[in-house]
Protein chains: 2
Amino acid sequence: MPERRTRADAVSNRARIVQVARELLASSSELPMNAVAKAAGVGQGTLYRNFATREALLAEVYRADVDRLVASAPELLAEHDAATAFRLWLDNVADYARVKRGVLAALEGGELAAGHHDPIAEAIDRLLAAGRAEGTLRADVGASDVLLLLGFLSRPEAADRAHHVLDLIFTGLRVR
Amino acid sequence: MPERRTRADAVSNRARIVQVARELLASSSELPMNAVAKAAGVGQGTLYRNFATREALLAEVYRADVDRLVASAPELLAEHDAATAFRLWLDNVADYARVKRGVLAALEGGELAAGHHDPIAEAIDRLLAAGRAEGTLRADVGASDVLLLLGFLSRPEAADRAHHVLDLIFTGLRVR
DNA sequence: ACCTGAACACCGTTCAAGT
DNA sequence: ACCTGAACACCGTTCAAGT
């Protein structure tokens, strides 16, 4: 298998697409594929070659944010008991959701159903497993349940009430 | 103000539009306005004259279902303590959501933000107020919080887990 | 009063033709 | 190997012309 060098213009095209998408999302929350291609100065075909679906493009745009969110789960577990770590992690999710609703939209694509390795689901699994071991979080709750509950964060009206509603959720997941 | 008779064709057009929309939703979950007009045998202008937005059309399609759901709240309160009534009512919502996801989609339109009299929010308010009076439901929960939490029912993956997730929500809303 | 349907604007996606 | 952009299919919405 010989090294296959990617053409320089292809590399810069891809980078520019992602950059432009990020900028468009900062100002509008919609992301028309044609608009991305035009603003990036590439043909539509090039856009689709790089990102076959809008979801793929969103995932790339928010990859760093999602990585940070996922990485914070084990960090919190190292410093706190599991229930506290879970509570703090939920606040992290809310903070991300407030700034960029896209983080949530990106993870709602349905990778859930596909069952492929959704890193956010894995982070939740770790937190839940730790809480189960501690006896502080309910044993009959799965990551997919939590993801369903967190879906409310993607609604625009959620902004004000997010932390309060997260508190309700957390209370429901605790062992009484 | 003299009686203004509506033309007979206008009446039947409106009825046929709603009927056709109901049928399309039964088989596809999408509802293209052009498709509704075509299937109903009317021009697009007629469709828009009757229903200025898709939301208005959906509201009309599901009006009977929503009415039933709303009416069940006081009925349940008459027969059960407030916490039980609330729990049973949540199950009613889940049952509706399973059969026709549109009921949920219709109520998510954003009447919430507008603050106009959303009958579902009123039904929830009655249940919460009764639970507060009884001391069995948390006092710091509003109908808008519950609506946000119920939003998960509109997701396709919710079907299997709906009752379980509702149980988690209910637990979070109970006074411990 | 009410209706029709052509027309406009917009979007996603594909693919023949180019370099 | 990669790119361009015309082209196709689709949708929402409006409005001039009809009855």
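A note on names: the letters A, B, ... follow the listed sequences, proteins ahead of strands, and every chain is numbered from 1.
The distance from the CZ atom of B:R7 to the OG atom of B:S12 is 10.5 Å, given to the nearest 0.5 Å. With values rounded to the nearest 0.5 angstrom, A:L149 atom CG is found 5.5 Å from B:I169 atom CD1. To the nearest 0.5 Å, atom CG of residue A:L31 and atom CG of residue A:L57 are 5.5 Å apart. How far CD of A:Q44 is from CE of A:M33: 10.5 Å, rounded to the nearest 0.5 Å. A distance of 11.5 Å separates CZ of A:R49 from CZ of A:R14, quoted to the nearest 0.5 Å.
Between the P atom of D:dC3 and the CZ atom of A:R16 lies a distance of 10 Å, rounded to the nearest Å. The interatomic distance linking A:N13 (CG) with D:dC2 (C1') rounds to 9 Å, in whole Å. Taking atom CG of residue B:L47 and atom P of nucleotide D:dC11, one finds them 14 Å apart after rounding to whole Å. One can place CG of B:L57 at 11 Å from P of D:dG12, the figure rounded to the nearest angstrom. D:dG12 atom C1' lies 17 Å from atom CG of B:N50, rounded to whole Å. Spacing between atom CZ of B:R54 and atom C1' of D:dC11 amounts to 9 Å, rounded to whole angstrom units.
No donor-acceptor pair under 3.5 Å is formed between the side chain of A:S28 and the backbone N or O of A:L25. A distance-only check finds a donor-acceptor pair linking the side chain of A:H164 to the backbone of B:D140 [under 3.5 Å]. Side-chain N or O atoms of B:W89 include one that pairs as donor or acceptor with a backbone N or O of B:L69 at under 3.5 Å.
A heavy atom lying under 4.0 Å from DNA chain C marks the following residues of residues 33-43 of chain B, by number: B:G41, B:V42, B:G43.
No more than 12 heavy atoms of other residues, nucleotides or ligands lie within 6.0 Å of CZ in A:R126, so this atom counts as exposed by the packing criterion.
With pairs defined as Watson-Crick or G-U wobble and both atom distances under 3.5 Å, the stems of at least three pairs that touch DNA chain C come out as C:4-8 with D:12-16, C:12-16 with D:4-8.
Ion pairing between B:R87 and B:D91 holds under the 4.0 Å rule for side-chain N and carboxylate O.
For the 3.5 Å distance criterion, the side chains of A:E134 and A:T136 qualify, holding a donor opposite an acceptor.
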TODO: Produce a footprint string for nucleotides 14-19 of chain C: one letter per nucleotide, 5' end first; B if the base is under 4.0 Å from any protein heavy atom, S if only the sugar-phosphate is, - if neither.
DONE: BB----
